[in-house]
Amino acid sequence: MMAIQGHLSLLLVVVPLIMAPIVAILPRARLAWFVALLVAVVCALLAGIQLWNIVNGGAISYELGGWAPPWGIEYRIDAVNAFVALIVAGITALTLPYALLSVEKEIPKQQIPFFYALFLLCLCGLLGITQTGDIFNVFVFLEISALASYGLISLGRHRQALTSAYQYLIMGTIGATFFLIGVGLIYSQTGTLNFADLAERLPAVFEHKTVHTGFAFIVIGVALKLALFPLHLWLPNAYTYAPTVVTIFLAATATKVAVYLMLRILFTIFPDNFVVNTPIFDLFIILGIAGILIASLYAIYQMDIKRLLAYSSVAQIGYMALGIGLASTAGVMATLLHLFNHALMKGALFMAVGAIIYRLGSCRMDNINGLGRVMPWTFGAVIIGGLSLVGIPGTAGFVSKWYLILAALEQQAWISVAVILVGSLLAVVYVGKIIEALYFKAALEANKSIKEAPLLLLLPTWTLALANIYFGLNTELTVGVATSAAQLLIGTIE
Amino acid sequence: MDFILGHYNYWVVILLMMVGFYIVISRGNLIKKIVGLNIFQASVFILYISLSTVENGTIPIFKEGFEVYSNPLPHVLILTAIVVGVATTALGLALVVRIKEAYGTIEEDEIHEQDHSL
């Protein structure tokens, strides 16, 4: 047991990486699913133990292959990474039980083992980003997860899935290449790639234009990955046409990891007021505000529920950008909190939408009229997730918006406060649109014979829906972890 | 003049970067886009490699007569980045093949037209 304890952080990355090719050659679809599920559960357990260790024992530094940093690659895990890693692994472990039926319905049988192999590779990349303390290693993991997700998206049923994946590939590669340029420029000034080492050596060269240029390249590269408005153009198509399981997975994890990476770059790698002296934080506030308002408005006019939720995701990323832009402990804490809560609510909502697609074959607004009465459990989850998205007290969404508003009030940022409230009102409109169609419109004749979704789809959906309520009422755990993580990050600039 | 000649590797990098980026943005042909992406990435490879080259430097060999070394680390990094680039290109081209099968064309505007005429 002790032997494993020491290697937890590496195992989180290596287990899915090694299992991915094994899953690919498994002969049966269900067997591949089972192994993937096993891997996800193991990763979630490892991530849980890791967070527990760190909360009780402080940050961990793991030297890859025994090479001491900064020469070797270091995995450095503190409360921030451990928290994000647990979100990623936990959501994956919840998504996979759901995946069995949904994937069988949406993907040809002979492709299913490859689907799960890609899924695990994507998980490996995302967990890798959260674990590593080496900026070039981040690039590698970024590309592992991105390449896997292009493949996953292209497996969607409609041919638009192919063009969406292609569009994402082009934009994602531009983003990653920008990141690479930035890393190169910064390396040329400091001669190091290790996060902690960079933080130590960068202050000496802060005046250099090269560092500023590198910083700009890195920020834009990561902003493309996290779909910060207006760099979000790949997201709505990718989420709409990807297989449902992929949408759940990406919505709940991929953008979250990119947000984490952004926080690391802004607060850990560039310490001592470098970032404060650039217009980056103002830019985040402006883009956050624009994202919340414009993406929410777009969401209202969507006829496809998946697309509606995708635009809503862009808006939610706006809230996170706003929290980062406030550049205070409270703001970053709200961002981290929203990261977690948004994973819960979008997870629940996309799962419920997946259940509609499972029964109905589509999720267009005009097809779902009156379905609320024949699929009460599925739409119970939609309502809870929707209320959480709006931010009704008693749900997780309320908690993060509450702290975000507190953070904005602290700085008397009245416009931000107003935008957060308006954004919630817009969410009322688009969530209301779904609920209206489900319950208040006359049921379509064809929909009357539709049955409730199978239990295997409902259980994970309701687990997440109930988690929305649980973390809305019991905030001790999430707020505690988010606060200590935010203090760690912001400690460098205050 | 020194500024221009002394930094000629950077001028090459900037030129390639802009050419590649422009092709990605301006071309509607899906394969040309990938070609542009490749040029764009190649410029970054050259940036890394030329950054770490030391005049008259050799590869790091621990032997008498070899005293000036080029930094090998960026070269190794770029080896990784090249692999990533190859994987991206392969995946991109595979997608183009599938798109051609599904739409019968690889021109962006024609694909767009087909999707919206439905």
Side-chain angles (χ1 to χ4, degrees), chain A residues 70-71 73 118 121 125 134-137 139-144 146-189 191-193 210 213-214 217 221 237 241, chain B residues 10 13-14 17 20-21 23-25 27 30-31 33-34 36-52 71 73-74 76-78 80-81 83-106 108 111-112 114-116 118:
Chain A
W71 295 283
I73 293 171
L118 279 179
L121 275 180
D134 182 283
I135 199 160
F136 192 81
N137 212 218
F139 165 75
V140 174
F141 281 126
L142 210 58
E143 282 304 74
I144 290 179
L147 284 168
S149 55
Y150 308 146
L152 286 172
I153 290 166
S154 72
L155 287 172
R157 288 175 308 163
H158 302 286
R159 61 178 180 178
Q160 286 98 323
L162 297 169
T163 42
S164 312
Y166 182 87
Q167 195 187 14
Y168 184 20
L169 180 134
I170 296 290
M171 295 189 82
T173 306
I174 291 174
T177 310
F178 267 45
F179 186 80
L180 193 61
I181 298 170
V183 171
L185 293 176
I186 283 173
Y187 179 79
S188 74
Q189 294 300 306
T192 183
L193 297 164
T210 315
T213 317
F217 270 117
N237 276 332
Y241 297 114
Chain B
Y10 297 113
V13 168
I14 293 172
M17 206 178 272
F21 203 38
I23 295 175
V24 175
I25 296 170
R27 295 296 114 172
L30 299 186
I31 289 187
K33 266 184 193 291
I34 290 182
L37 209 58
N38 271 305
I39 298 174
F40 183 52
Q41 287 180 318
S43 77
V44 184
F45 303 160
I46 297 173
L47 170 73
Y48 268 71
I49 293 168
S50 64
L51 268 179
S52 64
N71 184 353
L73 184 66
V76 180
L77 296 182
I78 269 336
T80 314
V83 173
V84 171
V86 169
T88 313
T89 310
L91 183 60
L93 290 175
L95 282 174
V96 174
V97 171
R98 293 282 313 276
I99 289 173
K100 169 84 178 167
E101 282 170 7
Y103 288 87
T105 173
I106 52 168
E108 216 174 25
I111 292 171
H112 205 68
Q114 287 192 30
D115 274 346
H116 286 265
L118 289 176

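So you know, we letter chains A, B, ... as the sequences are listed, proteins then strands, and number each from 1. Since the model is a prediction, treat every value here as computed from it, not as a measurement. Hydrogens, waters and symmetry mates play no part in the numbers below; they use all other heavy atoms, side chains included.
In terms of heavy-atom proximity, Y48(B) sits nearest to L77(B) at CE2-CD1, 4.1 Å. Between L73(B) and N71(B), the shortest heavy-atom distance links the atoms N-OD1, 3.0 Å. Smallest separation of non-hydrogen atoms from I34(B) and G92(B): CD1-C, 3.4 Å. Of all the heavy atoms in P74(B) and Y187(A), the pair that sits closest is CG-CE2, 3.5 Å.
Ion pair R27(B)/E108(B) not flagged as a salt bridge, since none of the NZ, NE, NH1 or NH2 atoms sits closer than 4.0 Å to an Asp/Glu carboxylate oxygen.
Listed options L51(B), V13(B), L91(B) were ranked by heavy-atom pairs under 4.5 angstrom with chain A; first place goes to L91(B). For the set Y103(B), F40(B), F21(B), the count of heavy-atom pairs under 4.5 angstrom toward chain A peaks at Y103(B). Of all the listed residues (L185(A), I144(A), I174(A)), the one sharing the greatest number of non-hydrogen pairs under 4.5 Å with chain B is I174(A).
From I25(B), atom CD1 reaches atom NZ of K33(B) across 8.5 Å, with rounding to the nearest 0.5 Å.
Close approach to chain A, defined as a heavy atom under 4.5 Å from one of its heavy atoms, is seen in V84(B), A87(B), T88(B) of residues 83-90 of chain B, taken by number.
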Below 3.5 Å, can you tabulate the donor-acceptor pairs from side chains in residues 161-170 of chain A to any protein atom, sequence neighbours excluded?
| from | atom 1 | to | atom 2 | distance (Å) |
| --- | --- | --- | --- | --- |
| T163(A) | OG1 | Q160(A) | O | 2.9 |
| S164(A) | OG | Q160(A) | O | 2.7 |
| Y166(A) | OH | L30(B) | O | 2.4 |
| Q167(A) | OE1 | N237(A) | ND2 | 3.2 |

